[in-house]
Undergrad: 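Following this message is one structure expressed as structure tokens.
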Amino acid sequence: MSLLLADYLQQHSQQYQLPAGLTDVILSISQACLNINHEVRLGALDNILGSAHTGNIQGEEQKKLDVLANQLMIDALSANPAVAGLASEEEDTFVSVHEEGNYLVLFDPLDGSSNIDVNISIGTIFSVLPKPKGTLTTEHFLQNGHQQLASGYVLYGPQTILVLTLKHGIALFTLNQDNQFQLTQQNPAIAETTQEFAINMSNQRHWEAPMQQYIAELLAGKTGVRGKDYNMRWVASMVAEVHRILMRGGIFSYPKDNRDPAKPGKLRLMYEANPMSLLIEQAGGAATNAHEDILSIQPEGLHQRVAVILGSKEEVFYATAKHANN
Ligand code: AHG
Ligand code: MN
Ligand code: MN
């Protein structure tokens, strides 16, 4: 399997007759991620660690690398005439790019910001939507997750790995010694059952009752109604958690909590939940907001937050069913 990304994209687009330009958009994203990867690997040597001393529209402190990764994504995508517009977690509003472009690209340029300065896995998440006709408006971006043409992430971990779906399965590429993404795995299948969960337990008291009950059942292990012991992981980088789930199953949740009624969850629908949910579904898993499939949610705003439960089907359905009367 020594197929490089560009060759894979060419083969894949012929096989499935993908719309023109889409694979070029993926190449532009991958180029930006190579540039981000370069900076991530240098770290302190290129003075990219620490705070940028600015805030984003969502009131979050920006790290230097959040700002830099955002700019590298914008630069690479702006150079591609197929891209009509961009939306980023780090930008207040959408960015118009090329009037004649056919695609919209939405991204979280740097996921897992709290891990940058401590050398723990981080990533970039992206989603590609078709551009509706007419002068670009915010409404054009507010398409549900089923409309995505492609999504994926790059994990800057012990290896740099690109995980991509063009809605005909999933492909994994590992960055090789020549700095090229090389196909290393296709179509991982997420096990339907699992004994591993990921949630930030420090927020437990803020969750709604059904989530409290669900996690209490997992913690009860063999002695509880689930009848098996569970293990727990929390990296605090969604990219790393989703990658673990693709590789060995599991359930991940960032649930709704009662700290801020304006924020039904922490994660962003357009930049995090939708692209990851498409990957998870393509790998045979499931993703809900505790009530409905993430991909079916009609977005109301670019920076909309959403509760997320995703991963192994049996576990996601069990946790979601607990919220049925909530
Ligand atoms: P970002 O760095 O893009 O703001 O996203 C971080 C997200 C996600 O990657 C992770 O699952 C979660 O926030 C971690 O949140 P806590 O620090 O609250 O655990
Ligand atoms: Mn993120
Ligand atoms: Mn981010």
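We use all heavy atoms of the structure for the numbers below, so side chains are in, but hydrogens, waters and symmetry mates are not.
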Undergrad: Between the side chains of E91 and N70, does any donor sit under 3.5 Å from an acceptor?
TA: yes

Undergrad: Would you say the rings of Y214 and H323 are close, in the sense that their centroids are separated by under 6.0 Å?
TA: no

Undergrad: Using only atom types and a distance under 3.5 Å, with no angle test, would you say the side chain of N289 pairs donor to acceptor with the backbone of I294?
TA: no

Undergrad: Would K167 and E281 satisfy salt bridge (Lys or Arg N to Asp or Glu O under 4.0 Å), going step by step from the backbone distance to the final call?
TA: CA-CA 10 Å; K167 301 180 88 165; E281 289 205 0; over 6 Å; no

Undergrad: Would you say the side-chain atoms of N326 and E208 include a donor-acceptor pair closer than 3.5 Å?
TA: yes

Undergrad: Is a side-chain N or O of N35 found less than 3.5 angstrom from the main chain of L72, in a donor-acceptor match?
TA: no

Undergrad: Does any donor atom in the side chain of E90 or Q62 lie under 3.5 Å from an acceptor atom in the other side chain?
TA: yes

Undergrad: Quick one: does any side-chain atom of Q282 pair with a main-chain N or O of I170 as donor and acceptor, under 3.5 Å?
TA: no

Undergrad: Check whether NZ of the Lys or CZ of the Arg R244 lies under 6.0 Å from the centre of the six-membered ring of F252 and within 45 degrees of that ring's axis.
TA: no

Undergrad: Would a distance-only check, ignoring hydrogens and angles, find a side-chain to backbone donor-acceptor pair under 3.5 Å from Q58 to E89?
TA: yes

Undergrad: Do any N or O atoms from the side chain of H140 and from the backbone of T137 form a donor-acceptor pair under 3.5 angstrom?
TA: yes

Undergrad: Any side-chain donor-acceptor pair under 3.5 Å between N203 and K266?
TA: no

Undergrad: Within the distance-only criterion (no hydrogens, no angle test), does the side chain of T160 pair as donor or acceptor with the backbone N or O of Y156 below 3.5 angstrom?
TA: no

Undergrad: Does the gap between the ring centers of Y8 and F173 come in under 6.0 Å?
TA: yes

Undergrad: Side-chain contact test, heavy atoms from C-beta onward, threshold under 4.5 Å: evaluate it for S151 versus V128 and give yes or no.
TA: no

Undergrad: Under the salt bridge (Lys or Arg N to Asp or Glu O under 4.0 Å) rule, what do R233 and E241 come out as? Steps first, then yes or no, please.
TA: CA-CA 8 Å; R233 287 286 183 274; E241 320 272 11; over 6 Å; no

Undergrad: Is the backbone of E300 close enough, under 3.5 Å, to the side chain of Q304 for a donor and an acceptor to pair up by distance?
TA: yes

Undergrad: Could you tell me how the ring of Y16 sits relative to the ring of H168: parallel (under 30°), tilted (30 to 60°) or perpendicular (over 60°)?
TA: parallel

Undergrad: Is a salt bridge present between E60 and R305, judged by a nitrogen-to-oxygen distance below 4.0 Å?
TA: yes

Undergrad: Look only at the side chain of T124 and the backbone of V154, and say whether a donor-acceptor pair between them is shorter than 3.5 Å.
TA: no

Undergrad: Is the shortest side-chain N to carboxylate O distance from R268 to D108 below 4.0 Å?
TA: no

Undergrad: Please answer whether the main-chain N or O of H53 pairs with a side-chain N or O of E61 as donor and acceptor at a distance below 3.5 Å.
TA: no

Undergrad: Is there a donor-acceptor contact under 3.5 Å from the side chain of Q147 to the main chain of N144?
TA: no

Undergrad: Scan side-chain atoms only and decide if S296 and H146 contain a donor-acceptor pair under the 3.5 Å cut-off.
TA: yes

